[in-house]
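As structure tokens, the structure follows; a few thoughts come after it.
Values in this document were obtained by computation on a predicted structure and should not be read as measured data. Lettering of chains follows the sequences in order, A, B, ..., and the numbering in each one begins at 1.
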Protein chains: 2
Amino acid sequence: MRQNLENPAENSAENRVENPFAQPGHDHASCVSAALDGAEAVCARRGGRLTPLRRRVLELVWRSHRPVGAYDLLALLQDERGRVAPPTVYRALDFLCAQGLVHRLDSLQAFIGCGHANASDDSDRDGDGQHPAHFLICQDCGAAVEVRDGQLDGAISHLAGRTGFAIADETVELRGRCADCQN
Amino acid sequence: MRQNLENPAENSAENRVENPFAQPGHDHASCVSAALDGAEAVCARRGGRLTPLRRRVLELVWRSHRPVGAYDLLALLQDERGRVAPPTVYRALDFLCAQGLVHRLDSLQAFIGCGHANASDDSDRDGDGQHPAHFLICQDCGAAVEVRDGQLDGAISHLAGRTGFAIADETVELRGRCADCQN
DNA sequence: ATTCATTTTGTTATGTTATATCATTTTATT
DNA sequence: AATAAAATGATATAACATAACAAAATGAAT
Ligand SMILES: [Zn+2]
Ligand SMILES: [Zn+2]
Ligand SMILES: [Zn+2]
Ligand SMILES: [Zn+2]
């Protein structure tokens with residue numbers, strides 16, 4: 001609620017180009033299958049092993065567009081497998097994060113499926129398969145969405161350039177209210 | 001190390017405008033006194049009570065330009081006060097963060113003194129005294145520095161505007177190597 | 001097919017960060 | 001002085017994450 005106080009029109013409906021949040025009625029099954037198919041492709045190409053456990057954890061992460069805690073995933077796994085210990089979940093998450101298939105949201109200590117893990121774009125991935133990810137996180141509905149913005153990328157690059165700083169990793173998480181939750 | 005691959009000159013020495021990190025030989029005592037004086041002023045103006053405990057915690061946070069963990073602060077307090085429990089530290093940090101005198105670095109789960117807590121600029125503070133803060137964090141020397149960049153602010157505002165998102169709070173933390181640590 | 005090395009998963013224990021709750025003390029107000 | 005509000009003390013526990021080692025599964029080479 002801090003922004004745009006001097007220019008309230010900036011995020012008004014007229015100027016809005018796109019709401020990147022998933023809509024309530026959307027076909028989420030296709031989100032999940034796209035994520036799993038993309039993961040298979042990414043792992044196949046990069047030599048990662050998407051084992052049944054890792055695949056299942058990815059599927060559980062994708063149950064919704066809301067970030068999920070590691071211990072929530074642990075509970076879900078325990079429901080279907082009996083005794084499961086934290087390292088089982090964390091190791092799967094470590095793998096998925098390393099492959100760029102899942103991102104950790106530092107401000108929430110939670111995880112979300114990568115919104116850009118499609119097999120097509122591999123250019124911006126580093127040697128370990130990860131790529132910088134920027135998020136909008138709605139504090140009302142709990143959803144988070146990975147956004148790409150050239151202007152933001154440019155500003156970050158420019159900031160690094162002018163300060164002589166070499167970026168290795170980025171955390172950019174903007175929390176507030178999504179367009180739908182403002183009504 | 002991901003950025004600037006296509007334009008390596010961008011963060012070369014010629015184009016570098018300023019290194020915002022504190023230099024090794026700088027007069028840190030003046031950093032500390034400026035921070036404490038500023039804190040007194042901010043609290044006086046906003047009606048916050050900078051008690052001896054809170055003031056001391058702020059002083060401990062300012063022992064260096066490296067983010068410090070809550071339990072590190074706890075240990076330091078225990079050294080000088082005997083038995084101190086976690087809530088003592090967390091409550092002091094909560095107060096200091098609420099006043100915008102300290103920031104939490106989500107990606108490190110650690111705290112750092114605000115680099116812009118001077119009494120003069122109050123314009124960008126929200127109703128609770130906080131203001132958005134963006135950080136460069138050196139993974140080599142461990143230092144973190146709060147940076148202000150109009151282009152970055154603009155890009156964030158623009159992103160929010162075009163997506164209809166109302167930002168309440170920002171986490172922007174860029175990790176990598178500071179200019180000094182690249183040599 | 002059998003051996004061997006590597007990777008993945010299971011298991012137990014522990015480390016790290018943060019909060020809930022209630023008692024006591026301090027401070028401000030009447 | 002009495003009262004209310006704020007801050008601190010104290011105890012317990014919650015939530016998040018990793019270390020270390022054993023067992024099982026996988027892949028490669030003989
Ligand atoms: Zn979906
Ligand atoms: Zn929402
Ligand atoms: Zn200093
Ligand atoms: Zn450095």
Interface limits on DNA chain C, where chain B has a heavy atom under 4.0 Å of a nucleotide atom
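Both ends considered, the range comes out as C/dT17 to C/dT27.
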
Over 12 non-hydrogen atoms of neighbours within 6.0 angstrom of CZ in A/R66:
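Not buried by this count: 12 neighbours or fewer within 6.0 Å.
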
If you take all heavy atoms of [X] and [Y], which pair is closest and at what distance?
X: A/A110; Y: A/G69; result: CB-N, 4.2 Å
X: B/C43; Y: B/L101; result: SG-CD1, 4.1 Å
X: B/H131; Y: B/C114; result: NE2-SG, 3.2 Å

Could you encode protein contacts along nucleotides 11-21 of chain D as a string, one character per nucleotide from 5' to 3', using B for base contact, S for sugar-phosphate-only contact and - for no contact, with a heavy-atom cut-off of under 4.0 Å?
B----BBBBB-

Kindly write out the residues that satisfy salt bridge (charged side-chain N to carboxylate O under 4.0 Å, His left out) with B/D153, not counting sequence neighbours, or none if the list is empty.
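With neighbours one apart ignored, the set is empty.
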
Look at the side-chain heavy atoms of Ile, Leu, Val, Met, Phe, Trp and Tyr, link any pair under 4.5 Å apart, and say whether A/F165 and B/L152 land in one connected group.
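Yes, because A/F165 and B/L152 connect within a single hydrophobic cluster, where side-chain heavy atoms sit under 4.5 Å apart.
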
Let me test you: for the helix from C/dA1-D/dT30 to C/dT30-D/dA1, what is the angle between the axes at its two ends (five pairs each), rounded to 10 degrees?
20°

Donor-acceptor pair, A/Q151 side chain versus B/L159 backbone, under 3.5 Å?
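No; zero donor-acceptor contacts below 3.5 Å.
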
Is there a donor-acceptor pair closer than 3.5 Å between any side-chain N or O of B/Q109 and the backbone N or O of B/A70?
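Looks like no, no N/O pair under 3.5 Å.
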
Sub-3.5 Å pairs of nitrogen or oxygen atoms, protein against nucleotides 22-26 of chain D:
none

So, B/R162 and A/E18, do they make that salt bridge, N to O below 4.0 Å?
yes

Does the side chain of B/H103 pick up a donor-acceptor pair with the side chain of B/H116 at under 3.5 Å?
no

Would you kindly say whether B/H134 and B/E146 are connected by a side-chain donor-acceptor distance under 3.5 Å?
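Not at all, the side chains of B/H134 and B/E146 share no donor-acceptor pair under 3.5 Å.
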
Taking CG from B/L50 and P from D/dA6, how many angstroms apart are they, rounded to a whole number?
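Checked: the CG to P distance equals 18 Å.
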
Does some side-chain heavy atom of B/H65 sit less than 4.5 Å from a side-chain heavy atom of B/V145?
no

A/R55: which residues meet the side-chain contact (heavy atoms from CB on, under 4.5 Å) condition with it, sequence neighbours left out?
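side-chain contact (heavy atoms from CB on, under 4.5 Å) list for A/R55, sorted by chain: A/L36, A/E40, A/L50.
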
It should be established whether B/R54 places a side-chain nitrogen or oxygen under 4.0 Å from OP1 or OP2 of nucleotide D/dT8.
yes

